[in-house]
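Okay, so here's the structure we're looking at.
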Amino acid sequence: TDLHTSIDKFQFDNVFMNASGVRCYTKGELDELAQSDAGTLVTKSATQAKRLGNPSPRYARLELGSINSMGLPNEGLEYYLDYALNFQKANPDKPIFLSVAGLSMEENLAMAHAIEDSDFNGLVEFNLSCPNVPGKPQTGYDFDRTQEVLTNLFSFFTKPAGVKLPPYFDLAQFDQMAAILNQFPLKFVNSINSLGNGLMIDPETDTALIKPKGGFGGIGGAYAKPIALANVRAFSQRLDPKIQLIGTGGVTNGRDAYDLILAGASLVQVGTLLQEEGPAAFTRLTRELRAVMQTKGYSAISDFKGQLKVLS
Ligand SMILES: CC(C)(C)CCc1c(C(=O)O)[nH]c(=O)[nH]c1=O
């Protein structure tokens with residue numbers, strides 16, 4: 001069985017990769033991902049300047065996943081661009097992803113210009129969970145703002161790019177978002193980011209588990225699986241076929257990855273599991289996905305990608 005997959009002109013020898021923000025902050029962590037069985041990697045969402053992020057505890061493992069309010073800690077765009085340029089020289093056959101999350105439209109556009117003017121030849125993931133003007137929901141939940149950001153971006157940006165979306169829960173939102181995304185030359189849409197603003201409690205102390213935002217944070221892990229499947233499926237049904245899907249959320253084993261691919265995913269990102277198990281998780285996931293494919297009689301990802309059946 002072969003886990004080869006592609007997005008646009010980019011070929012990957014394995015469907016698995018990290019979710020942005022997980023074990024991808026430093027060159028050392030990124031090198032560990034590069035040396036793992038993952039087919040590619042994405043850097044921590046960058047801002048122009050280095051950020052320390054929120055005070056700890058800002059991540060906590062939960063019974064069925066995780067909660068985080070990291071606060072966008074990162075080494076700054078130049079650091080990740082530098083890593084990417086060195087990486088592509090040493091690994092010409094392994095395209096990677098740069099993630100960008102400006103704290104304002106102006107910052108996003110400035111970073112996009114810097115990337116456009118660079119020799120980076122991989123793919124750029126614009127994180128639409130980035131904040132919007134205060135008092136308004138995150139960019140991904142503000143359709144007019146999303147339209148504006150993408151219009152400005154693609155007025156000059158020509159490198160391969162996609163967006164990382166927050167989860168949507170209403171079918172009309174899928175319709176509205178897909179209608180916006182279909183207007184732009186996106187190579188991929190990555191669904192989903194963490195389930196925004198959950199809350200969990202320490203039973204010993206009756207205290208919120210994480211410190212920032214009074215304990216509010218994004219939920220990942222098994223809790224996210226049914227939402228991730230629905231978002232990947234809904235966009236797969238609505239987006240122009242030129243726009244590939246990346247599935248993120250709830251992957252704990254090979255079957256979870258298989259399900260995201262059935263829903264339409266061309267690549268599968270791993271967050272909470274990678275955080276907890278480390279890069280060796282990719283070796284286990286690869287083995288387990290191959291086993292599921294063998295059971296089903298499939299030898300390639302294309303044999304079953306998007307082939308979810310429904311009851312008639
Ligand atoms: C939530 C933001 C800080 C605006 C973006 C970065 C981010 C973070 C983070 O850095 O807190 N955590 C997530 O689960 N998803 C994200 O996209």
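Indexing begins at 1, ligand by ligand and atom by atom, following the structure's order. Values below: every heavy atom of this structure, side chains too, minus hydrogens, waters and symmetry copies.
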Note to self: Are the side chains of D175 and R238 in contact, using a 4.5 Å heavy-atom criterion?
What the structure shows: yes
Check: Do Q138 and S129 have side-chain atoms, one donor and one acceptor, less than 3.5 Å apart?
Finding: yes
Ligand 1: protein N/O within less than 3.5 Å of ligand N/O:
residue  : atom   : partner : partner atom : Å
ligand 1 : 10 (O) : K44     : NZ           : 2.9
ligand 1 : 10 (O) : L72     : N            : 2.9
ligand 1 : 11 (O) : N68     : OD1          : 3.4
ligand 1 : 11 (O) : M70     : N            : 3.0
ligand 1 : 11 (O) : G71     : N            : 2.9
ligand 1 : 12 (N) : N68     : OD1          : 2.9
ligand 1 : 14 (O) : N68     : ND2          : 2.8
ligand 1 : 14 (O) : S194    : OG           : 2.8
ligand 1 : 15 (N) : N193    : OD1          : 2.9
ligand 1 : 17 (O) : N127    : ND2          : 2.9
ligand 1 : 17 (O) : N193    : ND2          : 2.8

Checklist line | Polar side chain donor-acceptor pair, D37 to T286, under 3.5 angstrom | finding: no
Next item on the list: Run the ring-centre check on H4 versus F12 and record whether the distance is less than 6.0 Å.
Entry: no
Notebook entry, point to check: Is the shortest heavy-atom distance from the side chain of F97 to the side chain of L41 under 4.5 Å?
Noted result: no
Note to self: What's the separation between atom OG1 in T47 and atom CD in E107, rounded to the nearest 0.5 Å?
What the structure shows: 5.5 Å
